[in-house]
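Since the structure comes first, as structure tokens, the remarks are kept for the end.
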Amino acid sequence: MKKDIADSITIDDFDRDSVYYILAEKIGVKNTLEIAEIFQGSCVYFPKLDNVYARKIREKIISEFNGYNYKYLAMKYGYSEMWIRKMVKDDSSDVIDGQISFDDLEDT
């Protein structure tokens, strides 16, 4: 019975200033009803996505780093060159394949 009623609900059945209307505009009525079934009656808080975006940007910078392109990455991602250097330095995988380090040199 509930499923039959859900199939007949349209976006116009929601109040225009309600969270349901906003969600239905973005993800559709069916998805909105599914989310509402899960969270109805609850107070749900969505934290800012800044940390998620920052982590992904950092991963991209590390993967695109070639040992020399600090300035390019800084311009591309809108960070300072010093911040790019810090990111790359802090990353444990900042040694490029085939690159020699002082640790590789034997005492002479």
Side-chain heavy-atom pair Y20, L33 within 4.5 angstrom cut-off: no
Shared hydrophobic cluster for Y53 and F46 (ILVMFWY, side-chain gaps under 4.5 Å): no
Partner residues of E81 under the side chain to side chain contact (heavy atoms under 4.5 Å, CB included) criterion, sequence neighbours left out: Y70, K71, A74, R85
Heavy-atom pair with the smallest gap, counting every atom of D13 and T10: OD2-N, 2.8 Å
S80: side chain to side chain contact (heavy atoms under 4.5 Å, CB included) partners, not counting sequence neighbours: M82, W83
Qualifying residues under side-chain hydrogen bond (donor to acceptor under 3.5 Å, both in side chains), relative to Y77, sequence neighbours excluded: E64
Close side-chain approach of F14 and V29, heavy atoms under 4.5 Å: yes
Nearest heavy-atom neighbours spanning F65 and L73: CA-CD1, 3.9 Å
Side-chain heavy-atom pair D15, Y21 within 4.5 angstrom cut-off: no
Flag if over 12 foreign heavy atoms under 6.0 Å of NZ, K86: no
Distance, nearest 0.5 Å, that separates NZ of K56 from CG of L49: 13.0 Å
Interatomic distance, I57 atom CD1 to D50 atom CG [nearest 0.5 angstrom]: 9.5 Å
Smallest separation among heavy atoms of E25 and I11, with atom names: CG-CD1, 3.6 Å
Least distance between heavy atoms, I84 atom then I61 atom: CD1-CD1, 3.6 Å
Any donor-acceptor N/O pair, N31 side chain to G28 backbone, under 3.5 Å: no
Point-to-point distance, once rounded to the nearest 0.5 Å, from CZ of R55 to CD of E59: 7.5 Å
I38 side, atom CD1; I35 side, atom CD1 - distance, nearest 0.5 Å: 7.0 Å
